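Computed from a prediction, not measured in an experiment: that's the story for all the values here.
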Amino acid sequence: MGRYDSIEGIAARTMNLFFIADTSYSMEGSKIGAMNEAINNVIPEVRSISDDSADAEIKIAALKFSTGAEWIYPAPVAAADFNWTYLEADGMTEFGVACNMLRDKLSTKTGFMNAAAGSYAPAIFLFSDGAPSDNYEDSLILLKGNNWFKHAIKIAVAIGDDANMDILAEFTGNREAVVTVHTPEALKRLIRFIVVTSSQVGSKPQDAGVPMTKQDTVVEQMQEFVAEQLDDSEDDEW
């Protein structure tokens, strides 16, 4: 059980989904196009999960990073009202800047985790096709020390074989929480699965009788999905 799941509020709690999107120049073309399309298409399903949940309201936040980083909206937006902004690719891959900005908002007092009725630990999805162009190490260490980050569901998607798997695994804390995709269709299918599954798992109280964390539950289901349904060998690669 995560420390943030032990106290139930009277009103529905908030569960935030964080999309952390690499928009560097190497993402140009079908990579960023497929990512944009997949996230945009899965939002209605997240709305439905939030509407049907008696335990949590799902909100969405999105951070893009290239040369610098920027939150797409100044605060998390309720799934019912959220519209994905189609991103464009340009610039470098300043991952350390993104880590700093994410850590700044994973705060109950001054950040995005200040829901009146309390928050479930968030789900954080990182999408990248390369390696950092900045000195990210200290920023990632500080991010990993954040309590909300420690208890979050964290999934990283490596878009193509040039993504640095070691860094993505360091971000998630588990190499099995990192999946590589080689085609636009595989990326779309994977995004839908991880977002829907994380929304379903993360927006419910942790069952005291289940020894697995929410992160472990999502990763296990994702690995089964990848093994059984994510064969991209017959599709056109990037």
Side-chain angles (χ1 to χ4, degrees), residues 2 4 15-23 27 31-32 34-43 45-46 49 58-65 76 79 84 87 95 98-99 102-103 105-106 112 120-130 132 140 143-144 146 148-161 163-204 206 212-230 232:
Y4 300 106
M15 190 262 182
N16 289 324
L17 305 182
F18 287 85
F19 292 98
I20 314 298
D22 177 353
T23 58
M27 285 284 292
K31 292 180 180 179
I32 200 164
M35 183 184 70
N36 278 322
E37 182 180 346
I39 297 175
N40 183 66
N41 289 345
V42 80
I43 298 302
E45 295 189 67
V46 176
I49 295 168
I58 299 176
K59 293 186 177 182
I60 302 170
L63 177 68
K64 62 179 182 178
F65 68 98
W84 179 252
L87 305 177
F95 179 58
C99 289
L102 176 58
R103 179 172 61 90
K105 295 305 182 184
L106 288 175
F112 288 172
Y120 286 115
I124 302 171
F125 311 110
L126 171 63
F127 307 98
S128 183
D129 75 331
L140 181 53
L143 174 61
K144 290 171 66 177
N146 178 279
W148 285 112
F149 187 81
K150 289 178 183 178
H151 293 279
I153 297 168
K154 298 176 289 289
I155 302 295
V157 178
I159 303 175
D161 290 328
N164 189 310
M165 295 291 287
D166 291 335
I167 295 174
L168 297 182
E170 187 177 358
F171 179 88
T172 64
N174 180 356
R175 202 171 191 89
E176 291 190 347
V178 183
V179 177
T180 302
V181 292
H182 299 95
T183 70
E185 287 306 313
L187 177 59
K188 293 174 189 177
R189 295 198 301 272
L190 180 63
I191 287 177
R192 179 187 177 277
F193 182 84
I194 62 174
V195 172
V196 169
T197 303
S198 297
S199 298
Q200 292 170 334
V201 172
S203 61
K204 297 177 181 178
Q206 179 74 34
M212 296 176 65
T213 66
K214 292 181 178 182
Q215 163 88 348
D216 292 338
T217 298
V218 172
V219 169
E220 182 180 81
Q221 293 183 26
M222 180 182 71
Q223 287 296 330
E224 291 176 358
F225 171 79
V226 170
E228 297 173 2
Q229 301 184 45
L230 202 67
D232 58 9

Under the salt bridge (Lys or Arg N to Asp or Glu O under 4.0 Å) rule, collect the residues that match up with Asp22, sequence neighbours excluded.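 If we apply the salt bridge (Lys or Arg N to Asp or Glu O under 4.0 Å) test to Asp22, skipping adjacent residues, there are no hits.
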
By salt bridge (Lys or Arg N to Asp or Glu O under 4.0 Å), which residues pair with Glu220, not counting sequence neighbours?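 If we apply the salt bridge (Lys or Arg N to Asp or Glu O under 4.0 Å) test to Glu220, skipping adjacent residues, there are no hits.
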
Minimum heavy-atom separation for [X] and [Y], please, with both atom names.
X: Ile159; Y: Ala163; result: N-CB, 4.3 Å
X: Met222; Y: Val179; result: CE-CG2, 3.5 Å
X: Ala177; Y: Val219; result: CB-CG2, 3.7 Å
X: Ala121; Y: Met15; result: O-CG, 4.0 Å
X: Thr180; Y: Gly160; result: CG2-O, 3.7 Å
X: Ala98; Y: Leu63; result: O-CD2, 3.6 Å

Residues in side-chain hydrogen bond (donor to acceptor under 3.5 Å, both in side chains) with [X], at least two apart?
X: Glu37; result: Lys188
X: Asn164; result: none
X: Asn146; result: none
X: Asp216; result: Thr213

Would you please name every residue forming a ring pair (Phe, Tyr, Trp, His ring centres under 6.0 Å) with Phe127, sequence neighbours left out?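 Expected list: none.
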
Name each donor-acceptor pair under 3.5 Å that joins a side chain in residues 166-176 to protein atoms two or more places apart or in another chain, with its distance.
residue, atom, partner, partner atom, Å
Asp166, OD1, Arg175, NH1, 3.0
Asp166, OD1, Arg175, NH2, 3.4
Thr172, OG1, Leu168, O, 3.4
Thr172, OG1, Ala169, O, 3.3
Thr172, OG1, Asn174, N, 3.2
Thr172, OG1, Asn174, O, 2.8
Asn174, OD1, Glu176, N, 2.8

Atom pair [atom1] ([X]) and [atom2] ([Y]), whose distance is rounded to the nearest 0.5 Å:
X: Ile60; Y: Ser199; atom1: CD1; atom2: OG; value: 7.5 Å
X: Met27; Y: Asp129; atom1: CE; atom2: CG; value: 5.5 Å
X: Leu87; Y: Asn40; atom1: CG; atom2: CG; value: 11.0 Å
X: Leu187; Y: Arg192; atom1: CG; atom2: CZ; value: 14.0 Å
X: Gln229; Y: Leu190; atom1: CD; atom2: CG; value: 11.5 Å
X: Ile32; Y: Lys64; atom1: CD1; atom2: NZ; value: 9.0 Å

A side-chain contact here means heavy atoms from C-beta on lying under 4.5 Å apart; do [X] and [Y] qualify?
X: Val218; Y: Ile194; value: no
X: Tyr120; Y: Lys214; value: yes
X: Phe125; Y: Val157; value: no
X: Phe149; Y: Arg103; value: no
X: Ile39; Y: Met35; value: yes
X: Leu17; Y: Pro122; value: no

Evaluate the side chain to side chain contact (heavy atoms under 4.5 Å, CB included) criterion for residues Ile20 and Phe65: first the C-alpha distance (whole Å), next the side-chain angles of each, then the deciding distance (0.1 Å), finally the verdict. CA-CA 8 Å; Ile20 314 298; Phe65 68 98; 3.9 Å; yes

Under the side chain to side chain contact (heavy atoms under 4.5 Å, CB included) rule, collect the residues that match up with Lys105, sequence neighbours excluded.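 Side chain to side chain contact (heavy atoms under 4.5 Å, CB included) list for Lys105, sorted by chain: Trp71, Phe112.
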
Which residues satisfy the side chain to side chain contact (heavy atoms under 4.5 Å, CB included) test with Thr217, sequence neighbours excluded?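 Side chain to side chain contact (heavy atoms under 4.5 Å, CB included) list for Thr217, sorted by chain: Val201, Met212, Gln221.
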
Decide side chain to side chain contact (heavy atoms under 4.5 Å, CB included) for Val178 and Leu126; before the verdict, give the C-alpha distance in whole Å, the side-chain angles of both, and the deciding distance to 0.1 Å. CA-CA 9 Å; Val178 183; Leu126 171 63; over 6 Å; no

Under 6.0 Å from the six-membered ring centre of Phe18 and within 45° of its axis: does the NZ or CZ of Lys154 meet both?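 Cation-pi check for Lys154 and Phe18: fails.
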
